[in-house]
Amino acid sequence: MKVDFSKPYDPNKVEKNIYKKWEKSGYFNPDKLPGKRPKSFTVMMAPPNITGHIHVGHALENILSDIVIRKRRMQGYKALFLPGKDHAGIAAQYVVERELRKENKTRFDLGKEKFLEKMWQWMKENGDAIDQELKLLGLSCDWTRGRFTMDDEYQEAVKAAFEHYYKKGWIYQGKRIINWCSRCQTSISDLEVEHVEEKGSLWFIKYPLEAGGFITVATTRPETMLGDAAVAVHPSDPRYKNLVGEKARLPIKDRTIPIIADKEIDQKFGTGAVKITPLHDPLDFEIALRHKLLSYEVINQQGRMTKEAGSICMGLKTLECRKKVVEALREAGLLEKEEEYIHRIGRCERCQTIIEPLVSLQWFLSMRELAKKTRQVVRGEKITFIPPQRKKIFLEWLRQVKDWNISRQLWWGHRLPVWKHDPVCIPKRGREKDIEKCIDMVVSKTEPACKHCDARYKQIPDVLDTWFSSALWPFATLEWPQKTKDLKTFYPTDMISSAREIFFLWIVRMVFSGLEFTKKSPFKTSYTHATVLDQKGRKMSKSLGNVVDPIVMIEKYGTDALRFGLTWQTMGTQDIHWSEEALVAGKKFLNKMWNAARFVLERNESPPEALLALRSLGEAGARGDYFKKPHPKTKEDRKILESLKKTKKEVTRHIDHYQFGHALHKLYDFFWHDFCDQYLESSKKQLGDPALKTRTQEILVLVLTDCLRLLHPFLPHITENIWEAVRASSKDLLMVESWPK
RNA sequence: GAGCCUAUAGCUCAACGGUAGAGCGCUCGCUUCACACGCGAGAGGUCGAUGGUUCGAAUCCAUCUGGGCUCACCA
């Protein structure tokens, strides 16, 4: 017996060595698995952002995937768990910019080239650290297939996807109102704007009417009045019906603006009259289009007032300008009142800067056709959602989705494969008429050449929304658009495990991308795991100091105990209120297993494998007859064998239904109470009876080894370690042994 | 404004139509030959509130009240 059963069980002594053995075996790579494996089973890891360390959510997410993968591997599948990392455009860029700020520098001080060098350096250092942390979780990932969303091959996939959409006419450039972050200096999508409830004011401003009297408008942003183009009321509002078509004087700017009627105006809000600022509010932008209003840009991309705002306000930040405007209105007697008002302010998800709705030239992906097709497929039960309510949420979001702003003015990310003739085409002598044929903007994977002149095309500086590339993850990781063997073997994938917060950002977009590019749903099951909150149900955050670091937990209890604790708490609820006690329970359970195994093995003079004729997978194991079934001789024998049979069935069923906590609870109860408390105790008597001794040994070994198999996906290290003692001569690891039937 | 989740022992959670269970913690006893990270015994719950369906409800329905989440252009 090579395994040292010194007591009590110490995970630090075994876990790292076990992981090395698995890595050395090559079995993480599905191509190297023993036996004939006609069927594949694939899980793509949700690639962690390179922004920092893994948190407890990553731990939960990947441990659950690993449970599924390990079970399937044991069931004889060609099991692939593909790991990776996401370049995380805006998030990663922000983190590195924050580092720069410590040296009082901005990315602009460094320049694009130097800054990108820094990003790659960050990626290298952090990316490796993340892999190491994931390995500490005991994940059975195929590291040889690890991917990064900015790998060369991946860049090709992104370009191909862009080109495909462009050719279909679904990608277009347009001047539209978008969310602008003045700190990040980029547009961001609606999903990246965080709406936070904050205390503000509602100002009631009197706009003098040309015909005499006033019309009062209510606004939370008085500074935008400098860019007002109209006052709008509801067409059937009796208070204002006779004013529609009249003119008002815009205070301060002293400009004449029309009073218009639009059905979008809510009569019940404020005074029922709304100031329209076409370029700085999404609804106003639409109304202005409908009514063909003039537009005035008063806020720029730096979040400061423009020349158009007037000489007193020019250059001021919006909030400074707000004070000035309110003051001026008060002096002029045009401020009717100021009410306290709680409203939701949009802030940049990354840097918390207030988002400015601005009109800007951006690239968009039309969602119409994609959404339509995807909804059809998903409605047709092609994807299983766990928990099932997710399906409705999926469909509802797609029902109302708007076109996706896919361009970002960041530096870190996939450049749009769009090339602009720069400088403009100046045809060689005698070919002046060619200027009409020259295409100013070209979408191409490589640099195009102009047929008419010597000038070159330059790639536009914009990069893609990071989720554009993430959306391709399930197949781009397998070298799509190349028709590789891997793509054929491992795609579509079987299950994806992800956090709730990226359901729309990622899950939905993977589905429509998969359907568009591969004609298949990228996964069969979308599992949305619980969010891990602190014990009071609050989100974990550095400022609250309630963050649980999985690596610290591993140092304290070991990986298996962490896996136990997290799985133990996964009971199908929306949130997990973190309890470290579950890890304590895990640690105790591991020790219990350790000691039960020692008992069973010490009571056997002959090697346990001889008792059960253990065979490795690929031989008899693949057929499920890896042991000879001992027949019960006593009522205790019968009871434990029946209970074991039931447990196997239920555990398998629970895992297949993604009921991870239930599966583990079942195993815990069986092992501790049925096996240890009852059978192990009665075996002590039976072992003393020569007529029962051998049979009792057989049953002890059978139950122990079946438990090791069943528990392996959950607690891979300790089970593998005990397995070493069970199989004295056979070579194979427990991770490729067969799953009990 | 719309939708969703949740309320059970001190804490974290099971049970989902038929006399309330686990883990952790707590009390008492036990170093009994696998395990004191253990064994044995025990305390601890009007199953958020109200009303309804039912022979029977923590479990189904309605309303309410706490927690929490998501979506939406409310100025």
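These numbers come from a predicted model, not from an experiment. Just so it is clear: chains get the letters A, B, ... in the order the sequence lines come, proteins before strands, and each one is counted from 1.
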(message) Check whether A:Tyr296 forms a cation-pi arrangement with A:Arg255 (NZ or CZ under 6.0 Å from the six-membered ring centre, at most 45° off the ring normal).
(response) yes
(request) Please state the C1' separation for the pair B:G10 and B:C4 - nearest whole angstrom. (result) 31 Å
(request) Decide whether a cation-pi geometry holds between A:Lys337 and A:Phe204; the criteria are a distance under 6.0 Å from NZ or CZ to the six-membered ring centre and an angle within 45° of the ring axis. (result) yes
(message) In terms of relative ring orientation, are A:Phe589 and A:Trp672 parallel, tilted or perpendicular, with 30° and 60° separating the classes?
(response) parallel
(message) Can you check the distance between B:G67 and B:C26, where both ends of the measurement are the P atom (answer in whole Å)?
(response) 31 Å
(request) Report the nucleotide, chosen from B:U12, B:C35, B:C24, that has the shortest atom-to-atom distance to any side-chain atom of A:Ala585. (result) B:C24
(message) Going by purine N1 to pyrimidine N3 plus the second Watson-Crick contact, or the G-U wobble pair, all under 3.5 Å, which nucleotide sits opposite B:G25?
(response) none
(request) Using atom CZ of A:Arg598 as one end and atom C1' of B:C33 as the other, report the distance to the nearest whole Å. (result) 12 Å
(message) Could you tell me how far apart A:Leu395 (CG) and B:C4 (P) are, to the nearest whole angstrom?
(response) 14 Å
(request) Round to the nearest Å and state the distance from A:Phe599 atom CZ to B:C35 atom C1'. (result) 11 Å
(message) Is the ring pair A:Phe269/A:Tyr341 parallel, tilted or perpendicular, if the boundaries are 30 and 60 degrees?
(response) perpendicular
(request) Using the C1' atom on both, measure B:A7 against B:A43 and round to a whole Å. (result) 25 Å
(request) Find the partner of B:U50: check Watson-Crick (N1-N3 plus N6-O4 or O6-N4) and G-U wobble (N1-O2, O6-N3) distances, both under 3.5 Å, and reply none if neither fits. (result) B:A62
(message) Centroid separation under 6.0 Å, is that true for the rings of A:Trp568 and A:Tyr668?
(response) yes
(message) Could you tell me if the side chain of A:Lys646 sits less than 4.5 Å from the side chain of A:Glu650, heavy atoms only?
(response) yes
(request) Could you tell me the separation between the NE2 atom of A:His673 and the C1' atom of B:A22, rounded to a whole number of Å? (result) 8 Å
(message) What's the gap between B:A57 and B:G17 when it is taken at their C1' atoms, as a whole Å value?
(response) 6 Å
(request) Spell out protein contact along nucleotides 69-75 of chain B as letters: B when the base is contacted, S when just the sugar-phosphate is, - when no protein heavy atom is under 4.0 Å; keep the 5' to 3' order. (result) SSSBBBB
(message) Using ring centroids (six-membered ring only for Trp), state whether A:His662 and A:His665 fall under 6.0 Å.
(response) no
(request) Round to the nearest Å and state the distance from A:Gln389 atom CD to B:G3 atom C1'. (result) 12 Å
(message) It should be established whether A:Lys392 places a side-chain nitrogen or oxygen under 4.0 Å from OP1 or OP2 of nucleotide B:C4.
(response) yes
(request) For A:Glu338 and A:Trp203, test the side chains for any donor-to-acceptor distance below 3.5 angstrom and give the result as yes or no. (result) yes
(request) Could you please name the partner base of B:C74, counting Watson-Crick and G-U wobble pairs only when both distances are under 3.5 Å? (result) none
(request) Indicate, with a heavy-atom threshold strictly under 4.0 Å, whether A:Ala582 touches base, sugar-phosphate, or nothing. (result) nothing
(request) Specify the separation, in whole Å, of atom NE2 of A:His577 and atom C1' of B:G68. (result) 7 Å
(request) Would you mind classifying the nucleic acid contact of A:Gln659 as base, sugar-phosphate or nothing, using non-hydrogen atoms under 4.0 angstrom? (result) nothing
(message) What's the gap between B:A72 and B:U12 when it is taken at their C1' atoms, as a whole Å value?
(response) 35 Å
(request) Report the residues that fulfil side-chain contact (heavy atoms from CB on, under 4.5 Å) with A:Leu395, sequence neighbours left out, ordered by chain and then residue number. (result) A:Arg375, A:Val378, A:Arg379, A:Lys391
(request) Calculate the interatomic distance between A:Leu704 atom CG and B:C35 atom P; express it in whole Å. (result) 16 Å
(request) For B:C4, give its Watson-Crick or G-U wobble partner with both distances under 3.5 Å, or none. (result) B:G68
(message) For the residue pair A:Ser187 / A:Asn405, report whether a side-chain donor-acceptor contact shorter than 3.5 Å exists.
(response) yes
(message) We want to know whether A:Arg500 and A:Thr528 form a side-chain donor-acceptor pair, criterion being a heavy-atom distance below 3.5 angstrom.
(response) no
(message) One thing to verify: whether A:Lys206 and A:Glu336 come together as a salt bridge, which I'm taking to mean a side-chain N less than 4.0 angstrom from a carboxylate O.
(response) no
(message) Using atom P in both nucleotides, what's the gap between B:A9 and B:C47 to the nearest angstrom?
(response) 10 Å
(message) What is the separation between atom OH on A:Tyr668 and atom P on B:A14, rounded to the nearest whole Å?
(response) 17 Å
(message) For the C1' atoms, the ones on B:G25 and on B:C60, what distance do you get once it is rounded to whole angstrom?
(response) 35 Å
Report each atom pair, protein N/O against N/O of nucleotides 36-45 of chain B, whose distance is under 3.5 angstrom.
from  : atom 1 : to       : atom 2 : distance (Å)
B:C37 : O2'    : A:Asn591 : ND2    : 3.1
B:C37 : O2     : A:Lys587 : O      : 3.2
B:G38 : O3'    : A:Lys592 : NZ     : 3.2
B:C39 : OP1    : A:Lys592 : NZ     : 3.0
B:C39 : OP1    : A:Trp672 : NE1    : 2.7

(message) Under 4.0 Å, counting only non-hydrogen atoms across every strand here, what does A:Trp578 touch: a base, just sugar-phosphate, or nothing?
(response) nothing
(message) Under 3.5 Å for both donor-acceptor distances, Watson-Crick or wobble: does B:A20 have a partner, and if so which one?
(response) none
(request) Indicate, with a heavy-atom threshold strictly under 4.0 Å, whether A:Thr573 touches base, sugar-phosphate, or nothing. (result) sugar-phosphate
(message) Need the pair for B:U31. Rule: Watson-Crick or G-U wobble, both distances under 3.5 Å, any strand; none if unpaired.
(response) none
(message) Taking only the P atom of each, what is the distance from B:U46 to B:C11 in whole angstrom?
(response) 13 Å
